[in-house]
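Not measured: the values here are computed from a predicted model.
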Amino acid sequence: MKLQFDPLDEQLIAFNKKINQFTELIDVMQLNEENAELLQKLMIGVEKILKTRQTLLDAIERRGERQKIAGNKGLSFLERRKEMQSG
């Protein structure tokens with residue numbers, strides 16, 4: 001069976017890529033008086049991205065729990081009928 005497209009997973013991938021890009025940028029920046037404010041804004045931006053990323057992770061986790069709950073149900077009528085015919 002083919003997995004369905006899930007925009008939450010796609011958003012998480014995009015956020016992870018951007019976090020990595022920000023990390024690389026901040027890592028190579030030299031801190032000086034001229035760019036201190038810019039570096040501070042970048043770091044605040046990363047903090048906001050990380051919070052949003054955590055919100056995505058929480059939503060993905062909740063989605064997984066819902067799938068598990070739905071997966072614990074009994075067989076459907078057609079599934080039971082197929083089981084009876086196979087057995």
Side-chain angles (χ1 to χ4, degrees):
M1 291 177 67
K2 189 175 181 180
L3 294 176
Q4 293 181 2
F5 170 79
D6 191 336
L8 290 177
D9 292 326
E10 293 296 320
Q11 287 178 9
L12 182 60
I13 291 168
F15 270 77
N16 286 337
K17 287 179 185 177
K18 293 305 171 195
I19 290 167
N20 288 338
Q21 289 175 356
F22 272 112
T23 301
E24 291 171 9
L25 177 63
I26 291 170
D27 189 41
V28 298
M29 283 184 75
Q30 296 296 318
L31 178 60
N32 57 46
E33 290 180 21
E34 294 174 6
N35 69 2
E37 189 175 337
L38 174 61
L39 186 57
Q40 182 181 20
K41 286 180 182 179
L42 283 169
M43 294 174 86
I44 291 169
V46 169
E47 180 183 4
K48 290 179 180 181
I49 290 171
L50 289 172
K51 286 180 182 178
T52 304
R53 180 182 175 270
Q54 186 59 52
T55 301
L56 283 170
L57 287 170
D58 293 344
I60 289 169
E61 186 175 316
R62 284 191 305 274
R63 173 199 67 197
E65 289 172 1
R66 282 197 305 271
Q67 288 176 344
K68 287 179 188 173
I69 291 169
N72 288 337
K73 292 181 180 178
L75 298 176
S76 69
F77 171 76
L78 293 175
E79 290 169 327
R80 285 193 310 268
R81 188 171 178 165
K82 184 178 178 183
E83 286 286 319
M84 290 175 15
Q85 289 174 352
S86 299

Side chain to side chain contact (heavy atoms under 4.5 Å, CB included) involving [X] - partner list, sequence neighbours excluded:
X     : result
Met29 : Leu25, Asn35, Leu38, Leu39, Leu42
Ile49 : Phe15, Ile19, Phe22
Gln40 : Ile44
Asp58 : Gln54, Arg62

Worksheet entry | Residue pairs passing the side-chain hydrogen bond (donor to acceptor under 3.5 Å, both in side chains) test where at least one lies in residues 18-33, sequence neighbours excluded |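 Residue pairs passing side-chain hydrogen bond (donor to acceptor under 3.5 Å, both in side chains), neighbours aside: Lys18-Gln21.
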Worksheet item: Of all residues at least two apart in sequence or in a different chain, which pass the salt bridge (Lys or Arg N to Asp or Glu O under 4.0 Å) check with Lys17?
Response: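 Partners of Lys17 by the salt bridge (Lys or Arg N to Asp or Glu O under 4.0 Å) criterion come out as none, since no residue qualifies.
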Item to complete: Enter the distance from Leu57:CG to Leu8:CG here, rounded to the nearest 0.5 Å.
Response: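 Output value for this atom pair is 10.0 Å.
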Fill in: Straight-line distance of Glu47 CD to Lys51 NZ, nearest 0.5 Å
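If I round to the nearest 0.5 Å, the distance is 4.5 Å.
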Practice prompt. Please list all pairs passing the salt bridge (Lys or Arg N to Asp or Glu O under 4.0 Å) test where one or both residues lie in residues 35-44, with sequence neighbours left out.
Written response: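 Found Glu37-Lys41.
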Worksheet item: Leu12 and Leu56: which non-hydrogen atoms are nearest, and at how many Å?
Response: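 Here Leu12 and Leu56 meet closest at N-CD1, 3.9 Å.
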